[in-house]
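Not measured: the values here are computed from a predicted model. Sequence positions, counted from 1, serve as the residue numbers for this chain.
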Amino acid sequence: MPKKTDAALSLHAADWLGFDLDLTFVRYKLEPLSRLIYDCLGRYFVDHCGYSPELLTRGFLEHFPARGLVYHMKLGNFLMLSASGKVVKAFHGSKKMEATEIAQLYSEPLTHVVDKLKLGQRVDGYHVFATFFDTPCTVLVAHFVDIEDTVEKPSYARIFKDFVAAFNFCFEPKNFAANTGGFFPCLKENPSKYLYKMTPAMRTWVANLRSHGVRLFLLTNSQADFSSLLLTYSVGPEWRSLFDLVIVNGSKPDFFTKSNPFRAVSPDLSIGEPVTELELGGMYATGNHKDLNAFILRNSRRTFDLPPTAAVSEAIIIPVVPVNADATVAEAVAKAVAEAEANTAVEANTDAEASGKRKRAEDDVGDASPKKSATEGAVEPADDVTIGSPRAEGPLVVYFGDHPLTDTAAVSQWTDWHAVAILEEMVHRRPSIDGTDCPVRQADAEAALFVGPGCDHWSEFFPSTKREEPLFVEHVLLEHSSLVVPHLDAIAARPFGHEFKVVAADDHSSGLHYHD
């Protein structure tokens, strides 16, 4: 991630914005999602692993799941850790551990645990639960520990192996087409029970971004068919038109550190052979950051100094009209795109007269005209974001994701992108329960009712009273993200062109942006 030298981040000035899919670009209804995952995994434990049906009768504990819980496999303990590894709070199964017991078992901070987790590495004997897809599992594991305590020689570690098997079974990619595994069949049958629709504010924001030349890409670990289902329901059947590039099966965090080839995804969503070049508007599987970054460098609205071997392709905005956008937005986007394409054509002719070089003299850049505002409330781009203007420091890329380790920390450690962390627990402090006719406020109120008990039971993230030492998850987000928001609508609700204050070393709260 770039050094935090700037006080603000202007998303409208970005060259590319990237998005994770689940719990980021598509927002889930947290309580139904958590209960579905809990039921699917619990059924697997009983049906395939020989666990007692009693496991299913104990019920879902709404107060227990929490992002950042670390399971100590040997002892059956759930730990909430500070940034240095100090055990702030602990439960043995579902039973709270007293301070004296914690001090006896964990007299020294678990520094080696948090240090490895911060790097996205596995830690023998420990596992961190980091998103709303795996935190429901903590309830099942806690029930298992409670049941195991009734036998003479309890073994708390064995459930983790079964948990991994259960998780893989429920979310096995082939189960989507086979309609098996529990999770996919339920979501396919009734997506409205688990997913929110894309809000009008989000549609307008995306339209504004596209008409101002900001390119968008999707990078998700979800497979193609599942991704298509989510986006078709949330956005509409023409969801592909919102993105300049779609990457599925991304295998983050390996995407940022390994050299897996990109593979083309066909119209029937099957995965083909490796490709040597990416194309605007394409859909691909797997891949790697190095090749993606090279593609971004060649296909940004500004001109950059390219490596001698890099092929240069002209950057032309793809016409995009958000699905179901109102006529005013659609016409404005189409008009703005037409103007941008005309400007690009003029620039191309000018470049041809200059012996085909893409460099522009400084006086040419100064004369470039800013594009029109695409929607009401939008602002004209600043001179330094005109298509074709040089930006020596490289493209400005911002990536949004909900996983504190494989999204936020990985992006920060392995790329020069800015990371924006999605932390939906932030609605607990400002749930926006008034004005429930607003779809965002309605969703926030529902999310607050679900996450509230967990925040009260374990610990609230970013409390109004600053604690002596941040929690492990808080530290990761503050260290590696430029902004922290509860959801994308917190961004979309601001006036287009808004400059967001970034996380500062001396004022962590500066980078926290709630939905107003």
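- Two residues are said to be in side-chain contact when any heavy atoms from C-beta on lie closer than 4.5 Å; F132 and I37 fail this criterion.
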Does the side chain to side chain contact (heavy atoms under 4.5 Å, CB included) test come out yes or no for M198 and W239, once each step is laid out? CA-CA 11 Å; M198 188 180 191; W239 63 267; over 6 Å; no
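- Side-chain rings of F144 and F163 stay apart, their centers remaining 6.0 Å or farther from each other.
- Across all non-hydrogen atoms, the minimal contact from N179 to P185 is O-CG, 3.3 Å.
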Going through the distances and angles, do V420 and V398 end up as a side chain to side chain contact (heavy atoms under 4.5 Å, CB included)? CA-CA 7 Å; V420 177; V398 183; 3.5 Å; yes
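- Between the side chain of D407 and the main chain of A421, no donor-acceptor pair closer than 3.5 Å is present.
- Contact record, L11 with F400: CD1-CZ, 4.0 Å, taken as the closest heavy-atom pair.
- A donor-acceptor contact shorter than 3.5 Å is absent between the side chain of W205 and the backbone of F496.
- Heavy-atom contacts from other residues, nucleotides or ligands closer than 6.0 Å to NZ of K161 number 12 or fewer.
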Let me see the working for S192 and N190 under side chain to side chain donor-acceptor pair (under 3.5 Å), right down to the final yes or no. CA-CA 6 Å; S192 64; N190 191 7; 3.0 Å; yes
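- In summary, of the residues considered (D444, D20, D22), a salt bridge (charged side-chain N to carboxylate O under 4.0 Å, His left out) with R27 occurs for D444 alone.
- At distances below 3.5 Å, not a single donor-acceptor pair connects side-chain atoms of Y44 with backbone N or O atoms of G181.
- Centroid-to-centroid, the aromatic rings of F25 and F243 come within less than 6.0 Å.
- Contact between L219 and G250 at its shortest, heavy atoms only, is CD1-CA, 4.2 Å.
- Within the 4.5 Å cutoff, no side-chain heavy atoms of V484 are placed close to those of T408.
- Shortest non-hydrogen contact noted between E172 and F184 is O-CE1, 3.4 Å.
- Between the side chain of Y71 and the main chain of F160, no donor-acceptor pair closer than 3.5 Å is present.
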Pair F133, Y28 - check ring-ring contact (aromatic ring centres under 6.0 Å, His included), show working. CA-CA 10 Å; F133 267 90; Y28 280 79; 5.4 Å; yes
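- In summary, the aromatic rings of W414 and F255 are positioned with their centroids too far apart to meet the 6.0 Å limit.
- Counting heavy atoms from C-beta outward, D489 and M202 have side chains that approach closer than 4.5 Å.
- Side-chain atoms of E425 do not come within 3.5 Å of backbone N or O of E460 as any donor-acceptor pair.
- Using a 4.5 Å heavy-atom cutoff, the side chains of N299 and L245 are not in contact.
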Could you check W417 against N293 for side chain to side chain donor-acceptor pair (under 3.5 Å), going step by step and ending with a plain yes or no? CA-CA 10 Å; W417 304 349; N293 227 36; 3.0 Å; yes
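- At most 12 heavy atoms of other shown residues, nucleotides or ligands fall within 6.0 angstrom of atom CD in E189.
- Residues A285 and N249 come closest through the heavy atom pair CB-CB, 4.3 Å.
- K29 places none of its side-chain heavy atoms less than 4.5 Å from the side chain of K193.
- Between M80 and L69 the shortest side-chain heavy-atom distance falls below 4.5 Å.
- What you find for C455 and H428 is that their closest heavy atoms are CB-CD2, 3.5 Å.
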Dump the intermediate steps for side chain to side chain contact (heavy atoms under 4.5 Å, CB included) on E31 and E446, then the final yes or no. CA-CA 8 Å; E31 181 176 5; E446 293 172 0; over 6 Å; no
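- A donor-acceptor pair under 3.5 Å links the side-chain atoms of S241 to the main chain of E238, judged by distance alone.
- A 4.5 Å side-chain heavy-atom check between F171 and F226 finds every atom pair outside the cut-off.
- In this structure, the side chain of R301 engages the main chain of H212 through a donor-acceptor pair within 3.5 Å.
- Checked against the 6.0 Å centroid criterion, the rings of F78 and F91 do not qualify as a close aromatic pair.
- A side-chain contact (heavy atoms from CB on, under 4.5 Å) with I247 is found for one member of L292, L21, N221, L218 and no other, namely L292.
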Go through the steps for N260 and T286 under the test side chain to side chain donor-acceptor pair (under 3.5 Å), then give the verdict. CA-CA 7 Å; N260 296 320; T286 61; over 6 Å; no
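- By the neighbour-count criterion of 12 heavy atoms within 6.0 Å, atom NZ of K118 is densely surrounded, having more than that number from other residues, nucleotides or ligands.
- Panel note: side chain K197, backbone V235; no donor-acceptor pair is recorded below 3.5 Å.
- Between the side chain of T135 and the backbone N or O of R67, no donor-acceptor pair lies under 3.5 Å.
- Two residues are said to be in side-chain contact when any heavy atoms from C-beta on lie closer than 4.5 Å; V503 and E479 fail this criterion.
- Between Y399 and W16, the distance from one ring center to the other does not fall under 6.0 angstrom.
- In this structure, S234 contributes its side chain and L230 its backbone to no donor-acceptor pair below 3.5 Å.
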